[in-house]
Amino acid sequence: MCDAEAKEAETASGRRHKRDWALFYGLNVAFAFGFAVYAGVFLNFMRDVLHAGPQQLGNLESLREIPGLLAAVMAGTLVALAETRIASLGLFVMAIGIGFSGSVPSYDKLILVTVFWSVGFHLWSSVAPAITLALAKGLQGGYHLGRISGISNLATLGALGASFSLSRLLPHHDYLPYFVIGGVSIGVASLLCSRLSTDAHGAPRSRLVLRKKYGLYYLLIFLEGCRRQIFGIFATFALIMVYKQPLAAMLVVQFANSLLIAFTAPLIGRLTDRIGERRPLTFYSIALIIVFFGYTHFQVVGALYALYLVDNILFGFGVGYTTYLHRIAEPSELTPCLAMGTTMNHIAAVTVPAGGAWLWAHYGNYKLPFYVGITIAFVALVATQFLPARANSVKA
């Protein structure tokens, strides 16, 4: 190939790469917007329309996470499909399920619809980090993961603002339009994802990976699943069920939360790239212990909202789990390991909501799940100390 042809090919590759990034940003915006519209009203929908309590919520969350247990199996079964095709399929399934969620007449039917769209969600979430890292081409993986998180949270801001405005126009218990908007937006994300080029594909994949060298990653991601479920479910439901916070107030706090994450997530990702994972994740675990402790002792709504915001900012440090895996994984094993990590994460996701809800309901004390969270965060703190001390002490 002559120099002119090589230069032309390089230019075309550069244009294709920029187009892929634009599509990927766009689909993450559409997905985050749609999912935020859904998530922003779902708990209030459960309370106001289906009249569900803590035990029903915990059971639903556990059932919703069952497809996550099968993430590694699903990714292995679909090994012939590129990551972008798996992601597009997953988003399409999500769009259908979420679009119909608001029209279900009973709790039992909601379970069926929720498990259906959850299959799509876990297909998408299993491969999305691998697509990001493929487009990053091995450069500043933590920064790009954080940037995607930041962009997604800006979209969430728009979604929550739109939902808040819509709540002022719709009758009090009319939730169907929110779910339809969410489903349509995620459908757009599926369409954009289907147009990504082969540059967004990862290396040829193994089917299933469960090896000793990835044991620390799997342990940490399992503990992260426990932490995510405890705070993500019970902190929110405590505000709604115990402190009787209305939909408008919950939308406002989620708006503030997304605004903060949009600015902090890229910074956390860049920090992780520069100094490695151990120190940021150590700080993360210590801060989680403090946040969980606060939820067991503070009874002022303003303080609980502040802890809610802090916890969601801290969630950005979870990028360190993915960058650590990226440093140690063989290229062909990255996507299977991420999928297996999703499965490990969801072992916690299936058991913790139902278990925490049982503790809350049986003992009549919403603080008990947070005491469990303190223990989990402490175990994570100990496990984090086995990570490499520096960014360059493992394979890039």
Side-chain angles (χ1 to χ4, degrees), residues 38-69 101 104 106-108 110-111 114-115 118 175 222-247 249-251 253-254 257 285 287-312 314-315 345-380:
Y38 160 82
V41 302
F42 180 71
L43 290 178
N44 294 81
F45 168 77
M46 288 276 290
R47 180 191 66 186
D48 296 337
V49 177
L50 301 183
H51 308 293
Q55 186 66 62
Q56 287 177 301
L57 174 69
N59 292 340
L60 177 65
E61 288 297 317
S62 290
L63 292 169
R64 182 174 71 87
E65 300 295 353
I66 285 177
L69 286 173
S101 292
V104 298
S106 67
Y107 176 75
D108 293 341
L110 180 65
I111 290 175
T114 301
V115 171
S118 179
Y175 288 98
F222 167 76
L223 295 170
E224 175 66 0
C226 295
R227 156 259 178 273
R228 180 172 62 89
Q229 293 298 320
I230 289 173
F231 204 92
I233 295 173
F234 297 109
T236 304
F237 217 51
L239 288 169
I240 292 174
M241 295 296 293
V242 178
Y243 293 94
K244 309 299 181 183
Q245 297 302 292
L247 173 61
M250 295 305 297
L251 290 174
V253 75
Q254 290 180 66
N257 172 62
S285 297
L288 282 179
I289 292 172
I290 296 171
V291 168
F292 282 128
F293 183 83
Y295 247 80
T296 63
H297 286 77
F298 297 159
Q299 295 183 331
V300 178
V301 172
L304 297 179
Y305 273 135
L307 290 172
Y308 187 89
L309 294 175
V310 169
D311 179 81
N312 281 278
L314 291 173
F315 186 68
N345 184 292
H346 285 80
I347 293 172
V350 169
T351 56
V352 169
W358 181 86
L359 286 174
W360 181 341
H362 185 75
Y363 292 100
N365 187 349
Y366 77 91
K367 299 178 182 180
L368 294 179
F370 299 105
Y371 283 114
V372 176
I374 292 173
T375 303
I376 291 169
F378 179 77
V379 174

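Between Tyr308 and Ala235, the closest heavy-atom pair is CD1-CB, 4.2 Å. In terms of heavy-atom proximity, Ser285 sits nearest to Ala377 at CB-O, 3.8 Å. Between Phe234 and Pro369, the shortest heavy-atom distance links the atoms CD1-CB, 3.9 Å.
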**Steps toward side-chain contact (heavy atoms from CB on, under 4.5 Å) verdict (Phe42, Leu110)** = CA-CA 11 Å; Phe42 180 71; Leu110 180 65; 4.0 Å; yes

**Item:** Asn257/Phe315 under side-chain contact (heavy atoms from CB on, under 4.5 Å): CA gap, chis, key distance, verdict
**Value:** CA-CA 11 Å; Asn257 172 62; Phe315 186 68; over 6 Å; no

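With Tyr295 as reference, Phe370 is the one residue of Phe370, Tyr243, Tyr371 to meet the ring pair (Phe, Tyr, Trp, His ring centres under 6.0 Å) rule.
Atom CG in Leu304 sits 12.5 Å away from atom CG in Asp311 (nearest 0.5 Å). Atom-to-atom distance recorded for Asn44:CG and Gln245:CD is 10.5 Å, nearest 0.5 angstrom. One finds the OH atom of Tyr305 at 5.5 Å from the CG atom of Leu239 (value rounded to the nearest 0.5 Å). Here Leu50 contributes atom CG and Asp108 contributes atom CG; the two are 10.0 Å apart, rounded to the nearest 0.5 Å. Going from atom CD1 of Ile230 over to atom OG1 of Thr375 covers 8.5 Å, rounded to the nearest 0.5 Å. One distance of note links CG of Leu307 with CG of Asn312; it measures 11.0 Å at 0.5 Å rounding.
For the pair Tyr107 (side chain) and Gln56 (backbone), a donor-acceptor distance under 3.5 Å is present.
Using a 4.5 Å heavy-atom cutoff, the side chains of Met46 and Leu60 are in contact. Annotation: side chain of Leu359 is in contact with side chain of Val372 (closest heavy-atom distance under 4.5 Å). Side-chain contact between Ile376 and Phe292 is absent, with no heavy-atom pair separated by less than 4.5 Å. Put simply, the side chain of Leu63 does not reach to within 4.5 Å of the side chain of Thr114, judged on heavy atoms.
Residues forming a ring pair (Phe, Tyr, Trp, His ring centres under 6.0 Å) with Phe222 (at least two apart in sequence, or on another chain): none.
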